[in-house]
Amino acid sequence: MALRGLIFDVDGTLAETEDAHRAAFNAAFRADGLGWQWDVPLYRELLRVAGGKERIAHYLDTWRPELRQDFPAARIARLHADKTARYLRLVAGGRVPLRPGIERLIGQARAAGLRLAVATTTSRANVLGLLEVTLGADAPALFDAIAAGEDAAAKKPDPAVYRHALAGLGLAAAECLAIEDSVIGLRAATGAGIPTVITRSAYCLDETYPGALAVADDLAGMDLDDLRALHGATPR
Ligand code: XBP
Ligand code: MG
């Protein structure tokens, strides 16, 4: 089946965003008077749980159980809203460039008439902020579908967000290729039946990727023809 659509994960795939997310979480914790500091090894563990609010809840459950009762969902939501505002300021300040090869691949795919989507756990506001700063104000229009955290009832590794992206594209799973950086993202994409290529990100280096078509350090050396060849080799 011909390749007709590309679906990009955002965090870790379009850009190395996680250090900006981590800095924003820590700044929000400080502003709330909390003595929490998520360092790199801890954040790598916490990334096993997708979604910022879910990640804060998981941190409380696992590392701060004595405080858990002081953090009902509304307080976590407030803390996370402050984190999002801080993250968007970091993105607007140019702190988060696209990863190598991404802009070229998007251009090649558009020129070849492929349909493009994103499928992410983060919020639509964060996706739009990143696209506009890195690719220009019109960049969101390059994508035929933007499936974000608020569009899916369950976050990755649940396939819901990828199913939403497929519906937005109007394409079958086998006509698309997903590009992901994490194991939970791979499980979400393949769970929706989408062949998936991995571009390893800074926070995922130790992971193995069962079921991926290919695993690359980044997409600098990969162009659309390479992706077509990988997709064509998909066992069906
Ligand atoms: C990665 C995530 C996100 C971000 C934080 O998303 O798990 O939760 O770490 O974003 P993906 P929020 O790789 O699917 O793009 O705080 O906005 O949830
Ligand atoms: Mg990711």
Side-chain angles (χ1 to χ4, degrees), residues 6-29 36 38 40 42-59 73 76-91 95-96 98-99 102 117-131 134 143 145-165 178-192 194 196-207 209 212 215-219:
L6 294 183
I7 308 178
F8 292 90
D9 167 53
V10 174
D11 294 304
T13 296
L14 291 183
E16 284 285 10
T17 55
E18 290 299 354
D19 269 326
H21 281 296
R22 190 173 67 83
F25 277 115
N26 284 330
F29 299 154
W36 307 349
W38 289 359
V40 169
L42 173 59
Y43 196 62
R44 185 171 279 125
E45 287 299 314
L46 293 172
L47 278 173
R48 291 182 203 281
V49 175
K53 292 191 283 290
E54 293 81 354
R55 194 167 299 145
I56 292 168
H58 170 70
Y59 173 73
I76 292 178
R78 274 200 307 279
L79 194 53
H80 185 255
D82 184 40
K83 174 263 169 181
T84 297
R86 291 168 189 278
Y87 173 77
L88 281 170
R89 286 200 287 277
L90 293 175
V91 169
R95 272 271 303 266
V96 189
L98 294 180
R99 292 193 65 195
I102 290 290
V118 304
T120 178
T121 292
T122 201
S123 63
R124 179 171 304 271
N126 285 355
V127 178
L128 298 181
L130 180 71
L131 292 176
T134 54
F143 291 86
I146 293 180
E150 51 268 65
D151 298 316
K155 297 211 159 111
K156 298 176 186 177
D158 191 286
V161 74
Y162 275 98
R163 295 205 174 109
H164 194 81
I179 305 177
E180 265 289 351
D181 70 304
S182 68
V183 168
I184 54 176
L186 172 65
R187 284 172 54 202
T190 56
I194 307 168
T196 305
V197 169
I198 296 293
T199 172
R200 269 199 293 235
S201 63
Y203 276 93
C204 301
L205 293 176
D206 300 334
E207 294 184 349
Y209 299 92
V215 180
D217 287 336
D218 59 44
L219 299 175

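Just the heavy atoms: all of them, side chains too, but no hydrogens, waters or symmetry mates, feed the values below. Note that ligands are numbered from 1 as they come in the structure, with each ligand's atoms numbered from 1 the same way.
Y209 places a side-chain N or O within 3.5 Å of a backbone atom of D181 that can act as its donor or acceptor partner. Judged by distance alone, with hydrogens and angles left aside, the side-chain atoms of T196 form a donor-acceptor pair with the main-chain N or O of I194 at under 3.5 Å. The backbone N or O of E16 sits nowhere less than 3.5 Å from a side-chain atom of R99 that would complete a donor-acceptor pair. Remark: side-chain polar atoms of R124 are not paired, donor with acceptor, to backbone N or O of E150 under 3.5 angstrom.
Considering only non-hydrogen protein atoms, atom 10 (O) of ligand 1 sits nearest to T122 OG1, 3.0 Å. Regarding atom 18 (O) of ligand 1, its nearest protein heavy-atom neighbour is G52 N, 2.6 Å. If you check which protein heavy atom lies closest to atom 15 (O) of ligand 1, you get T120 OG1, 2.6 Å. Shortest contact from atom 13 (O) of ligand 1 to any protein heavy atom: D9 OD1, 2.8 Å.
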**OP:** Please test T17 against V91 for side chain to side chain contact (heavy atoms under 4.5 Å, CB included), starting from the C-alpha separation and ending with a verdict.
**Re:** CA-CA 9 Å; T17 55; V91 169; 6.0 Å; no
**OP:** Determine, step by step, whether F143 and L131 satisfy the side chain to side chain contact (heavy atoms under 4.5 Å, CB included) criterion, reporting the C-alpha distance in whole Å, the side-chain angles of both residues, the deciding distance to 0.1 Å, and the verdict.
**Re:** CA-CA 10 Å; F143 291 86; L131 292 176; 3.8 Å; yes
Subject >> Full working for side chain to side chain contact (heavy atoms under 4.5 Å, CB included) between N26 and F29 >> reply: CA-CA 5 Å; N26 284 330; F29 299 154; 3.8 Å; yes
Subject >> D82 and R78: CA distance, side-chain angles, deciding distance, salt bridge (charged side-chain N to carboxylate O under 4.0 Å, His left out) verdict >> reply: CA-CA 6 Å; D82 184 40; R78 274 200 307 279; over 6 Å; no
Original post:
Does the salt bridge (charged side-chain N to carboxylate O under 4.0 Å, His left out) test come out yes or no for D19 and R95, once each step is laid out?
Top reply: CA-CA 10 Å; D19 269 326; R95 272 271 303 266; over 6 Å; no
Subject >> Worked check of side chain to side chain contact (heavy atoms under 4.5 Å, CB included) between D11 and E18 >> reply: CA-CA 7 Å; D11 294 304; E18 290 299 354; 3.5 Å; yes
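Near Y43, meaning under 4.0 Å from one of its heavy atoms, ligand 1 places the atoms 9 (O). Listed by atom number, the atoms of ligand 1 under 4.0 Å from V10 heavy atoms are 15 (O). Contact atoms of ligand 1 toward H80: 12 (P), 16 (O), 17 (O), 18 (O) (distance under 4.0 Å to a heavy atom of the residue). Those atoms of ligand 1 with a heavy atom of N126 less than 4.0 angstrom away are 17 (O). The ligand atoms of ligand 1 that sit less than 4.0 angstrom from a heavy atom of D11 are 1 (C), 3 (C), 4 (C), 6 (O), 11 (P), 13 (O), 15 (O).
When only interatomic distances are considered, the shortest N/O to N/O separation between E180 and ligand 1 does not fall below 3.5 Å.
Contact detail for T13 and I179: the closest heavy-atom pair is CG2-O, 3.5 Å.
Under a 4.0 angstrom heavy-atom cut-off, K53 registers as lying outside contact with ligand 1. Put simply, no part of F8 is less than 4.0 Å from ligand 1, judged by heavy atoms. Residue contacts with ligand 1: G51 is included, with a non-hydrogen atom under 4.0 Å away. Residue contacts with ligand 1 leave out T84, since none of its heavy atoms falls under 4.0 Å from the ligand. Look at E54 and you'll find every heavy atom at least 4.0 Å from all atoms of ligand 1.
Among R55, R22, R124, the residue whose heavy atom lies nearest to atom 9 (O) of ligand 1 is R55.
Within the protein, the N, O or S atoms sitting under 2.8 Å from the Mg ion (ligand 2) are D9 OD2, D11 O, D181 OD1.
Side-chain contact between F25 and I56: present, with at least one pair of heavy atoms (C-beta onward) separated by less than 4.5 Å.
Aromatic ring orientation, Y87 versus H21: parallel (interplanar angle below 30°, classes split at 30° and 60°).
A salt bridge (Lys or Arg N to Asp or Glu O under 4.0 Å) with E180 is found for one member of R200, R187, K156 and no other, namely K156.
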